[in-house]
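This report concerns only the one structure given below.
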Amino acid sequence: MRIHLPLRYPYSFAHTTKRLKSFEKSIYVYREGAFWRTIRGRKGPLLLSVAEDSERPGLIAEIFGEADPEEEEELKGRIAHMFGTDVDLTPFYEQMRQDPVLWPVIEQRIGMHLVLDASLYECLVKTIISQQLNLSFAGTLIERFIQLAGDTGQFAGETWKVFPAAEQVACLRYEDLRHLQFNQRKAEYIIDLSRLIAEGKLDLETLTGLPDDEVMKKLTALRGIGRWTAECLLMFGLRRPDLLPAADIGLRNAVGRLYGLPARPDESEVRRIGEKWAPYRSYATFYLWDTLG
DNA sequence: GGCCAGGCTAGCA
DNA sequence: TGCTAGCATGGC
């Protein structure tokens with residue numbers, strides 16, 4: 001199945017996928033100009049490749065595996081949402097020109113969009129795993145988690161891992177994750193969350209229609225999810241435009257460095273500096289994180 | 001070896 | 001309501 005996706009420019013596929021290369025593991029691969037990963041379709045795992053369309057402006061997505069023909073429109077919508085193809089960055093850029101410190105950072109990355117995870121569940125689990133860990137080790141743990149709990153798909157003779165569904169993780173024991181070097185509480189957070197979903201007591205998709213503050217309230221009521229994790233889901237799972245995870249250590253470092261502050265700013269200082277980025281604080285955060293490399 | 005990581009909870013004042 | 005120790009382990 002081949003799907004053409006028109007783009008809203010400015011859109012730089014190179015800037016947009018650059019960040020993904022650092023996540024290259026079993027479910028993310030970037031080769032020959034195309035981004036590859038597995039997703040879950042109605043009938044089972046699918047392999048997705050996305051690249052720039054060489055014949056006309058836009059992206060071209062190819063889907064391998066047993067996709068339901070009636071699923072095409074749905075898949076098109078999902079991929080468009082993942083890659084932000086209908087997001088217009090122009091108003092954000094117009095506003096950021098007013099910030100002489102941040103603008104040069106943005107100007108070097110014109111057309112950089114955010115690529116979302118394939119599901120809210122995947123986003124939430126990855127974010128919980130990443131809590132308080134350096135990104136390198138967090139990536140190692142995510143990879144081990146996928147290898148342990150994820151299933152596999154066969155596509156054109158190649159075997160691919162698929163990010164596990166909540167039902168698969170719900171069957172694990174805490175000690176299974178302990179063996180991967182998760183701490184006890186993180187193992188509990190992830191398995192307990194997965195059990196809630198598998199038992200039908202929590203439906204992350206219902207968050208899609210709620211305003212930011214209600215999403216925050218629902219998520220932070222769950223054990224293991226604090227403000228930072230909820231903000232990350234809003235930004236990286238739901239593509240909400242105006243979040244500022246001001247307590248985030250990486251964001252504080254980036255702001256301190258860029259604005260030439262004598263010491264790392266605290267949360268309130270970041271919030272004060274970031275006020276002028278509203279209503280696009282998520283994008284400002286995303287571009288600032290990108291400066292950390 | 002020591003300190004820090006794109007935090008959160010539980011326990012205490 | 002606000003503060004803090006403890007968590008586990010890699011990276012530097």
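By convention in this document, chain letters (A, B, ...) are assigned in the order of the sequence lines, proteins followed by strands, and residues within each chain are numbered from 1. Please read all numbers here as calculations on a predicted model, not as lab measurements.
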Nearest listed nucleotide, side chain of [X], among [options]:
X        : options              : answer
A/Thr229 : B/dA5, B/dC8, B/dG6  : B/dC8
A/Asn183 : B/dA5, B/dC8, C/dC7  : C/dC7
A/Gln181 : C/dC7, C/dG10, B/dG6 : C/dG10

Next item on the list: May I ask you to check whether over 12 heavy atoms, not counting those of A/Glu66, lie within 6.0 Å of atom CD?
Entry: no
Note to self: Is it true that, when you exclude A/Glu175 itself, more than 12 heavy atoms of the residues, nucleotides or ligands shown sit nearer than 6.0 Å to its CD?
What the structure shows: yes
Could you tell me the separation between the [atom1] atom of [X] and the [atom2] atom of [N], rounded to a whole number of Å?
X        : N      : atom1 : atom2 : answer
A/Glu267 : C/dG2  : CD    : C1'   : 14 Å
A/Leu219 : B/dC8  : CG    : P     : 11 Å
A/Arg227 : B/dT9  : CZ    : P     : 14 Å
A/Leu193 : B/dT9  : CG    : P     : 12 Å
A/Asp248 : B/dC4  : CG    : C1'   : 14 Å
A/Trp228 : B/dT9  : CH2   : P     : 13 Å
A/Leu292 : B/dA5  : CG    : C1'   : 12 Å
A/Leu180 : C/dG10 : CG    : C1'   : 15 Å

Item checked: Mutual orientation of the aromatic rings belonging to A/Trp289 and A/Phe236 [parallel < 30°, tilted 30-60°, perpendicular > 60°] -> parallel
Expected rows: protein N/O vs nucleotides 10-13 of chain B N/O, under 3.5 Å:
| from | atom 1 | to | atom 2 | distance (Å) |
| --- | --- | --- | --- | --- |
| B/dA10 | OP1 | A/Arg223 | NE | 3.0 |

Check: How does DNA chain C look in dot-bracket notation if pairs are Watson-Crick or G-U with both distances under 3.5 Å, crossing ones as [ ], other-strand ones as |?
Finding: |||||||.||||
What is the nucleic acid contact for [X], judged by heavy atoms within less than 4.0 Å: base, sugar-phosphate only, or nothing?
X        : result
A/Leu222 : sugar-phosphate
A/Tyr189 : sugar-phosphate
A/Phe236 : base

Note to self: So if I apply the side-chain contact (heavy atoms from CB on, under 4.5 Å) rule between A/Tyr283 and each of A/Leu114, A/Ile106, A/Leu288, A/Val87, which one comes out positive?
What the structure shows: A/Val87
Heavy-atom check, side chain of [X] versus side chain of [Y], under 4.5 Å:
X        : Y        : answer
A/Arg78  : A/Met82  : no
A/Ile142 : A/Ser130 : yes
A/Val50  : A/Val115 : no
A/Lys217 : A/Asp213 : no

Notebook entry, point to check: Hey, which of these two, A/Gly224 or A/Arg19, hits DNA chain B nearer its 5' end, going by closest nucleotide?
Noted result: A/Arg19
Check: With A/Glu122, which residues qualify under salt bridge (Lys or Arg N to Asp or Glu O under 4.0 Å), at least two apart?
Finding: A/Arg37, A/Lys126
Checklist line | All salt bridge (Lys or Arg N to Asp or Glu O under 4.0 Å) counterparts of A/Lys218, not counting sequence neighbours | finding: none
Check: Between A/Phe145 and A/Leu233, is there a shared hydrophobic cluster once you connect ILVMFWY residues whose side-chain heavy atoms come closer than 4.5 Å?
Finding: yes
Checklist line | Integer angstrom distance from the P of B/dG11 to that of C/dA8 | finding: 15 Å
Note to self: Rounding to an integer number of angstrom, what distance separates C/dC3 and B/dG6 when you compare their C1' atoms?
What the structure shows: 23 Å
Notebook entry, point to check: ring pair (Phe, Tyr, Trp, His ring centres under 6.0 Å) with A/His113: which of A/Phe13, A/Tyr287, A/Tyr11, A/Tyr9?
Noted result: A/Tyr11
Next item on the list: Applying ring pair (Phe, Tyr, Trp, His ring centres under 6.0 Å), name anything that partners A/Phe83, two or more places apart in sequence or on another chain.
Entry: A/Phe35
Next item on the list: Using a cut-off of strictly less than 4.0 Å between a heavy atom of the residue and any atom of DNA chain C, enumerate the qualifying residues of residues 126-145 of chain A by number.
Entry: A/Leu133, A/Asn134, A/Ser136, A/Phe137
Note to self: If you compare every side-chain N and O of A/Asn253 against the phosphate oxygens of B/dA5 (OP1, OP2), does one of them come in below 4.0 Å?
What the structure shows: yes
